[in-house]
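Just below is one structure, and these are the notes that go with it.
Note that ligands are numbered from 1 as they come in the structure, with each ligand's atoms numbered from 1 the same way.
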Amino acid sequence: MSLVIRGGRVLAGTPPTVTRADILIDGERITAVGVDLAAPVDAREIDARQHLVLPGLGNAHTHAASHLARGRAGSWTLEDLLTYAPANYAFRTPEDEYLSAAVGAIEMLKTGCTSAYDLYMAVPAITDEGLEAVVCAYRDVGVRVVLAPAVADVVFFQTVPGLLDLLPADLRRTVEAMQPAPTKGLLDLTERAIRRWHGGADGRIRMAVSPTIPNQATDEFLDGCAGLSREYGVGIHTHLAESKVQAVEGQRRWGKSIVARLADHGVLGPGFVGAHSIWLADDDLRMLADAGAAVAHNPGSNLRLGAGIAPVREMLDRGVAVGLGTDGSVCADNQNLFEALRIASVVSTIRFPHATERWLDAQTVWRLATSGTARVLGQAEDLGAIAPRAKADLVLLRAGSVFLRPLSDPVTALVYAETGASVDTVLVGGQVVVEHGRVTTEDRIFARAQDAADRQRAQSAQARAVAERLAPYVAAACRGAVATPLSINRFGAALPSTA
Ligand SMILES: [Zn+2]
């Protein structure tokens, strides 16, 4: 099936610039970009004369399960978020998981994002049915995904230094009764998922491995994850040094940084993605660079949770590949990459007052959300650019949109002014999945998702009451932990190597 997009203002090249061009698509790939291209007589034609045509943006880090709990987070730290996980994620049916994933995927498409790296989590445990529901949601909505069951074989509350000693007897019993998932069972679940779904939906579904937080992974589990990643040639993605509590606890338990521990277990490599990567020292960045590893930068989530600001400039200096993500909708509220672009740029200024050459400018953050995320997804050859042989993941914005009038430098306008509201048409792999700003199934999905979220919230009242009692103790333990000095500055960013 051929398709030609006629006469759009196409953002392409390095650095990207806008020129009037046609885009010819055969099947899932772009075959030509140029002026007045001849198309097969039966080719479908899209008139793009009133549109700006962009490569689909890529979300380097999100969570399918999170979207159904959107709007529930107050002024939460990461540790609060983890304390409330049972209240937010328990009592779900596979249908709930489908709706949660679909809500996030629809939002991504409607705001110009065509691919995502998704760490799916569930409470008390991921089931094959729940995971299948998420696969189906991505397949049905049409977002390209690298999906990993995000799992742990150590209970979160065991990883907050000093927490158990602070708890009153009844809460302590509650926490101590929480059983971690069996290590082998988690590895088996991940392997089944890879065998069953990797490469599905014409290659739009890929699977990966995720020990969700290294401090919640035993050595045996890290070894097993690294083994699966090697055996099947799939990616491995973890929440890396997201909070200072994690960095302090890692040092305390293993006497080394989290990155050093992952290196010891063979986890680092070109398929490795560290989400957040905030509390890293210069040596950690060097190890990531030497391994050819990548980072998923989620500035919106990091600021929302007060986690810190990742040292992205230093990562780029060292040649670490960096993609841009949102994180899940509980801690990032939305899946809007245009918002992430703007935040990534403006927050970078805080770390380098008056050193404007060190800021992440519009072109830099645009690269993170396009070619950067494509690299994080392990699909650098196929995604993130409009060029012959690339996959036809394309976004048409209404050029007459209020956010793009008047238009000066297009990339500057896209990063700082555009909100995603100008998205009109979206293609994934040459298939039109958004038309006139709408995903065809969205109304039905949203209605069902509201019912599911309301029902789950009512059912989880007791779990929420336990979390409300636990939260002050978790906060007190975390405050104790973060009083520990680390050779990292107050934003969580690595000190310059000269310091
Ligand atoms: Zn996350």
*To the nearest 0.5 Å, how far apart are CG in Leu82 and CE in Met121?*
8.0 Å

Counting backbone and side-chain atoms alike, does [X] have an N/O/S atom under 2.8 Å from the Zn ion (ligand 1)?
X: Asp327; value: yes
X: His239; value: yes
X: His61; value: yes

*asked:* Classify the ring geometry of His61 against His239: parallel below 30°, tilted from 30° to 60°, perpendicular beyond 60°.
replied: perpendicular

*Please indicate whether Glu468 has more than 12 foreign heavy atoms, meaning atoms of other residues, nucleotides or ligands, lying under 6.0 Å from its CD.*
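More than 12 within 6.0 Å, yes.
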
*Let me know which of Thr83, Leu167, Thr174 forms a side chain to side chain contact (heavy atoms under 4.5 Å, CB included) with Phe157.*
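By the side chain to side chain contact (heavy atoms under 4.5 Å, CB included) criterion, Phe157 pairs with just one of Thr83, Leu167, Thr174: Thr83.
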
